[in-house]
Q: 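So that we are looking at the same thing, I have put the structure below in structure tokens.
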Amino acid sequence: MSELAKQYNPAEVEDKTYQWWESNGFFHASINPDKTPHTIVIPPPNITGILHMGHILNNTLQDVFTRWKRMQGFEACWIPGTDHAGIATQNVVEKALRKEGTTLRDLGREKFVERVWEWRTLYGGTINTQLRKLGVSCDWERERFTMDEGLSNAVKEVFVQLYDKGLIYKGKYIVNWCPREQTALSDDEVNPVESKGHLWYIKYQIEKSEEYIVVATTRPETLLGDTAVAVNPKDERYKDLIGKNAIVPIANRVIPIVADDFVDPTFGTGAVKVTPAHDPNDYQTGIRLNLPQMIVMDTSAKMNNIVPPKYQGLDRYECRRELLRDLEKLQLLVKTDDHVHNVGHCYRCDTVIEPYLSDQWFVKMKPLAEPALKAVQDGTIKFYPDRFTKTYEHWMTNIRDWCISRQLWWGHRVPAYYLPDGSIIVARNIHEAGEKLKAKGSQYKKEDLKQDDDVLDTWFSSWLWPFSVHDWPKETDDLKYFYPTDVLVTAPDIIFFWVARMIMAGLEFKGEVPFRHVYFTSLIRDASGRKMSKSLGNSPDPLDVIATYGADALRFTVLFIAPVGQDVLYDNDKCEIGRNFANKIWNAGRFLMMHRDFLTVDNEQLTIINPNNSEDLTDQWIISRFSSTVKEVTAAMDNFRVNDAVKLLYEFLWKDFCDWYVEFVKNRMQETSDVHLKRAIITRALTIYEETLKLLHPFMPFVTEEIFQHLSDRKNNETIMRCTMPQTAQTESRINPDIEKQMEFLQNVITAVRQIRSEMNIPMSKAIDFVASCNEFEKQAILENNKSALQKLLRLDIMTIGIAVPKPGYAASSVVNGQEIFIPLKGLIDTGIERDRLQKEIDRLEGQLRGVMAKLNNDSFVNKAAAEIIEKEKNKQQNFEQTIQKLKTNLEQLVG
RNA sequence: GGACGUUUAGCUCAGUUGGUUCAGAGCGUUCGCCUCACACGCGAAAGGUCGUAGGUUCAAGUCCUACAACGUCCACCA
């Protein structure tokens, strides 16, 4: 143990430690009436997923919250799991099938679903294996999957409940249809691609007149399904036409000319053809104005038998060409402009999406949204950063019904059953459907029922996640204890898909919000600010990074550079921050342990010391600093300011503890030969250090555990992750501003002398003399009491400390908190450098003084500013003047 | 087009309610050090008119207005 490596080696520590934690059940949470639960459910990653930088930040945060609360004495439970990810997973397996030369249609539904399950068993857990590398303390015994039996039950239950309440309905709706995949896609599964197209201007004759109205369209083939022409009601040009009829060219149907606000008079001709069955905007217009919907294509985007025979069976683009030719012949095509616009493409196969009117299942969202909106507005649920509340409000007040059916095979099958007469029975399973049939006294039997072919949107299972993981609708003890959860950590881009819907589901089915705090993580970008993506290849593999720098380094770095609500520019090099810090922690521990072990060789019993009871200034100071660190870090964590917490700890451990405190400890250890005193000193330092390790543990679990084990030679499986976190309530009283002021003076003196050394080019190998001419007894005493530390740290020879000590000749000088410091230079310096140095300091202070004087000479300032502010300025004036005077005198002497 | 966010040192960012020597940190750069925990380290230095223009105030990096640049989300207009 005394032979600890000079550098911390994460590779030797991490896997071993993780296995030890996991096999000892340290991550496991169970119902404990004596403790308050603290629950987090993981945003379940896709089973097709592999770890990327976004996961790193997200899961590190969840782990930090969980470990922090666990050490604060909560029953901290972090539930992991994965999402079945309907389309993504079906895609992956389909691809594999294609390689084998087969397709899902060949296989048939049942076999295909079996194949997906097989795939899931083999590869679906990859991401969880990867997450372990990060050190996450999830309760793996509670791992769930959105297609588990329990979760499937929840999905069915919810479907039935909502259906019975009239909140789920089947209806025609315009959806994003992929003609190739033969499925509806959600909006987020459609990639808008900027494309060069055309805008065609087409004449529609006004009924019973020789007049025409010209409409502009990018999709002329849909005119066969037009059921109106719309203009803006305020558009003077068309005012007279409103209420009249137009004739659809080619189809020769009569359609009304209507007025609707959505029409932009400045675009095109200001007149729009309306095709409710083939355009989302037109669909909305059609609903508003009660227009008929004419479907003119089949599901493969070929023209159907509603259109004139000439075009039947043509592909939409062939039809477009034909139609344009015909319009031209009829001289109905006025002109053709180039036009750039966004066209939706299928994210899987890149086929152009066809807005298509089809039978789908929907959830009525308005009744669910209202209480969910209120929960956020009244503060029951808080968002971090707060500004996402506005985004949420906007969406919730403009919510549209949710299309939940997907034409896929992998997913929760819609629990609706059809009878030969077309009627629908919604039930949790076929048996229940049969029962319902019987209850109705229907002529049909269970065998006549045929289940809906569609599956449900993946989010339809994820929105239940916070309670379905506890086997709701069963009222399990776990559900009672661990629900609602405390924090949700997620990315802001799924605020609508997931966060909002979970809130709705929680309130609807549990009558209680699913979580109280929502922490939205930063978006990780590459060093030049680009979004990380697979296609750009700019996303580093976190496992490589962990292998190179260590998991702690990655975790710490990501937290260090990721403030709340701001994007993060990430680069692998930045992990040096975390790696170096881990190494610093390691070496501080190594140093202290070396001393301790040296002292215990005599095998005497260790003197019990009270770490809070020391006469030594630096001891009192570090205790005070430690106590404020506890307070500030705790406050930061309470407010979800993780980034602040991390920076405070970095600052404390590195600057206060290592750079100052340990340096003083070194000297004190050297200064005395009293073993008991030595022991007291080192034990005190170790106590502070160990408490600091606890504070650091949630952020850097591995290195802190490793040192913790070495620190105490623990025999009985004691882990730092189950220790009690230092608490503000216990440490707050030890914050001592007076001690911190005293120490600050000492530090300033040391820095001043170092500055002289550095600028005068006096190497540490050369001892120097030191004269302190004080004008305050208290400051003199501080220097006296720490004489040996000054001597050691500054490599001093003769020291003279007193009140109004005469200035030595030829000395560099500095004024520190009103006290004069001289370093006699015995001719080994260039007086020019010292002159410049002093002059520069005088200039700086005179600048400050001018600022102060400007205020004090300003009547309105003196009349209007608060008295204490004026007092402060006067004090400043005095300090500046006195210091400048001293510096000037020194400067003159130097010249003389 | 709508909503929101960002703009402070070469780079990445802190700066909480206007007033503490408030203009800061880290990285990078420069200089000096292998000082018996750590060169993944120690000590020191240089570097900024706080996006622009107004306004409020005794006092503005901080509050207000407009503008500019960049970014995110939503609607993405036939």
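So you know, we letter chains A, B, ... as the sequences are listed, proteins then strands, and number each from 1.
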Q: Provide the distance between the two C1' atoms, one in B/A75 and one in B/G28, to the nearest whole Å.
A: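 Result for the C1' pair: 44 Å, nearest Å.
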Q: Which nucleotide wins on minimum distance to the side chain of A/A588, given the candidates B/C58, B/C40, B/A37?
A: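 The nucleotide sitting nearest to the side chain is B/A37.
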Q: Taking any heavy-atom pair under 4.0 Å as a contact, classify A/R754: base, sugar-phosphate, or nothing.
A: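 Here A/R754 touches the backbone only, sparing every base.
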Q: So, is A/Q848 near the phosphate of B/A23, with a side-chain N or O under 4.0 Å from OP1 or OP2?
A: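 Result: yes.
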Q: Are A/T285 and A/D260 linked by a side-chain donor-acceptor pair shorter than 3.5 Å?
A: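 Not at all, the side chains of A/T285 and A/D260 share no donor-acceptor pair under 3.5 Å.
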Q: Establish, for the pair A/R754 and A/W660, whether the NZ or CZ atom is under 6.0 angstrom from the six-membered ring centre and no further than 45 degrees off its axis.
A: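 Yes, A/R754 sits over the ring of A/W660.
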Q: I'd like to know whether the aromatic ring centres of A/F388 and A/F383 sit less than 6.0 Å apart in this structure.
A: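 Centroid separation for A/F388 and A/F383: 6.0 Å or greater.
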Q: Out of B/C73, B/C40, B/A78, which has the shortest distance to the side chain of A/V272?
A: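 Looking only at side-chain atoms, A/V272 lies closest to B/A78.
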Q: Please tell me which of A/A866 and A/Q7 maps to the more 5' nucleotide of RNA chain B, matching each residue to the nucleotide holding its nearest heavy atom.
A: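 Looking at RNA chain B, the more 5' nearest nucleotide goes with A/A866.
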Q: Please determine if A/K273 forms a cation-pi arrangement with A/Y204, meaning its NZ or CZ atom is less than 6.0 Å from the six-membered ring centre and no more than 45° off the ring axis.
A: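 No, A/K273 does not sit over the ring of A/Y204.
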Q: I'd like the P distance from B/U30 over to B/U16, given in whole Å.
A: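 These two P atoms come out 34 Å apart once rounded.
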Q: When all nucleic acid strands are considered with a 4.0 Å heavy-atom cut-off, which category describes A/R757: base, sugar-phosphate, or nothing?
A: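 Counting heavy atoms under 4.0 Å across all strands, no contact is made by A/R757.
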Q: Examine B/G41: is either OP1 or OP2 under 4.0 Å from a nitrogen or oxygen in the side chain of A/N587? Give yes or no.
A: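 So the side chain of A/N587 is outside the cut-off, no N or O lying under 4.0 Å from OP1 or OP2 of B/G41.
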Q: Given the C1' atoms of B/U72 and B/A14, what is the spacing between them in whole Å?
A: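 Result for the C1' pair: 22 Å, nearest Å.
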Q: Can you find a side-chain donor-acceptor pair between A/H198 and A/D337 that sits under 3.5 Å?
A: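 Side-chain D/A pair, A/H198 to A/D337: absent.
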Q: Rounding to an integer number of Å, can you tell me how far A/I707 CD1 sits from B/A37 P?
A: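 Computing the A/I707:CD1 to B/A37:P distance gives 16 Å.
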Q: Output yes when A/K741 and A/E744 qualify as a salt bridge under the 4.0 Å nitrogen-oxygen rule, no when they do not.
A: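 Looking at A/K741 and A/E744, the cut-off is not met.
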Q: What nucleotide among B/C58, B/C4, B/A44 has an atom nearest to a side-chain atom of A/R387?
A: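 The listed nucleotide nearest to A/R387's side chain is B/C4.
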Q: Between A/R320 (side chain only) and A/R219 (backbone N and O only), is there a donor and an acceptor less than 3.5 Å apart?
A: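 Side chain of A/R320 to backbone of A/R219: no pair is present.
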Q: If I take atom CG in residue A/L849 and atom P in nucleotide B/C22, what distance separates them, rounded to the nearest angstrom?
A: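 To the nearest whole Å, that distance equals 16 Å.
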Q: Look at the side chain of A/K6 and the base of B/C38, then say whether one donor and one acceptor between them are separated by less than 3.5 Å.
A: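 Check fails, no donor-acceptor contact within cut-off.
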Q: Taking CZ from A/F591 and P from B/C40, how many angstroms apart are they, rounded to a whole number?
A: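 After rounding, the gap between these two atoms is 20 Å.
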Q: Find the distance between OH (A/Y549) and OG1 (A/T557) and round it off to the nearest 0.5 Å.
A: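 The OH atom of A/Y549 sits 9.0 Å away from the OG1 atom of A/T557.
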Q: State whether the number of non-hydrogen atoms from other residues, nucleotides or ligands found under 6.0 Å of A/K631 atom NZ is greater than 12.
A: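 Check fails, neighbour count at 12 or below.
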Q: What's touching nucleotides 6-17 of chain B from the protein side, N or O pairs under 3.5 Å?
A:
unit_1, atom_1, unit_2, atom_2, d
B/G15, OP1, A/R641, NH2, 3.3

Q: Ion pair present between A/K855 and A/E873, side-chain N to carboxylate O less than 4.0 angstrom?
A: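 Salt bridge present between A/K855 and A/E873.
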Q: Between A/Y650 and A/F581, does the ring centroid distance fall short of 6.0 Å?
A: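 Yes, ring centres under 6.0 Å apart.
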Q: Nearest-Å distance, CG (A/L592) to P (B/A37)?
A: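 Interatomic distance, CG of A/L592 to P of B/A37: 11 Å.
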Q: Compare the minimum distances between each of B/C38, B/A78, B/C76 and the side chain of A/R590, then state the nucleotide with the smallest one.
A: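 In terms of side-chain proximity for A/R590, the closest of B/C38, B/A78, B/C76 is B/C38.
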Q: So, does A/K666 get its side chain near the phosphate of B/A37, meaning an N or O under 4.0 Å from OP1 or OP2?
A: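 For A/K666, the contact criterion (side-chain N or O under 4.0 Å from OP1 or OP2 of B/A37) is met.
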Q: Quantified in whole Å, what is the P atom distance between nucleotide B/U65 and nucleotide B/U6?
A: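 Looking at atom P only, B/U65 and B/U6 are 14 Å apart.
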Q: What distance, rounded to whole Å, do you find between the two P atoms, one in B/G15 and one in B/U56?
A: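 So the two P atoms sit 28 Å from each other.
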Q: Identify, residue by residue, the members of residues 654-664 of chain A with a heavy atom below 4.0 Å from RNA chain B, and return them in order of residue number, or none.
A: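 A/W654, A/K655, A/C658, A/D659, A/V662, A/E663 - these, ordered by number, are the residues of the stretch whose heavy atoms sit under 4.0 Å from the strand.
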Q: Within the supplied structure, the quantity of interest is the number of heavy atoms (other residues, nucleotides, ligands) at a distance under 6.0 Å from A/R641 CZ; does it exceed 12?
A: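 Open.
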Q: Taking atom types as they are modelled, would you say the side chain of A/E576 forms a donor-acceptor pair with the base of B/C40 within the 3.5 Å cutoff?
A: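 It does not, because no donor-acceptor pair links the side chain of A/E576 to the base of B/C40 below 3.5 Å.
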Q: Side chains of A/N667 and A/S788: is there a donor and an acceptor less than 3.5 Å apart?
A: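 Their side chains do contain a donor-acceptor pair, which is all the 3.5 Å distance test asks for.
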Q: A/M764 CE to B/C33 P: how many Å, rounded?
A: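 After rounding, the gap between these two atoms is 13 Å.
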Q: To the nearest angstrom, how far is A/N176 atom CG from B/C76 atom P?
A: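 A/N176 atom CG is separated from B/C76 atom P by 11 Å.
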Q: Taking the same atom, P, in B/U7 and in B/A59, what whole-Å distance lies between them?
A: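 The same atom, P, in both gives a distance of 26 Å.
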Q: Using the side-chain heavy atoms of A/Q755, tell me which of these nucleotides is nearest: B/A44, B/G32, B/A78.
A: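 Output: B/A44.
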Q: Just checking, is any N or O donor in the side chain of A/Q839 or A/D843 under 3.5 Å from an acceptor N or O on the other one?
A: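 Result is yes, a qualifying pair exists.
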Q: B/C22 C1' sits how many Å from A/R844 CZ, rounded?
A: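 Result: 12 Å.
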Q: What does A/S765 touch in the nucleic acid at a heavy-atom separation under 4.0 angstrom: a base, only the sugar-phosphate, or nothing?
A: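 Result for A/S765 = nothing.
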Q: When rounded to the nearest Å, what value does the distance between P atoms of B/C50 and B/U62 take?
A: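 The answer is 9 Å between these two P atoms.
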Q: Nearest-Å distance, CD1 (A/I756) to P (B/G32)?
A: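 Spelled out: CD1 on A/I756 to P on B/G32 is 20 Å.
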Q: Whether A/K872 contacts B/A59 is assessed here as follows: a side-chain N or O lying under 4.0 Å from the phosphate OP1 or OP2. Is that the case?
A: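 No, A/K872 has no side-chain N/O under 4.0 Å of OP1/OP2 on B/A59.
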Q: Would you mind classifying the nucleic acid contact of A/N583 as base, sugar-phosphate or nothing, using non-hydrogen atoms under 4.0 angstrom?
A: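 Touches a base.
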Q: Using the P atom as the point on both nucleotides, what is the distance between B/U57 and B/C76, in whole Å?
A: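 Going atom to atom, P in each nucleotide, I get 46 Å.
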Q: Dot-bracket, RNA chain B: Watson-Crick or G-U, under 3.5 angstrom, [ ] crossing, | other strand?
A: (((((((..((((.....[....)))).(((((.......))))).....(((((..]....))))))))))))....
Q: A side-chain contact here means heavy atoms from C-beta on lying under 4.5 Å apart; do A/W200 and A/L324 qualify?
A: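 Sidechains of A/L324 and A/W200: in contact.
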Q: Categorize A/F880 for me: base, sugar-phosphate, or nothing, with a 4.0 angstrom heavy-atom threshold over every strand shown.
A: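 Base, at least one base heavy atom under 4.0 Å.
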Q: Choosing from B/C58, B/G71, B/A78, which nucleotide comes nearest the side chain of A/R525?
A: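 Comparing B/C58, B/G71, B/A78 against the side chain of A/R525, the answer is B/G71.
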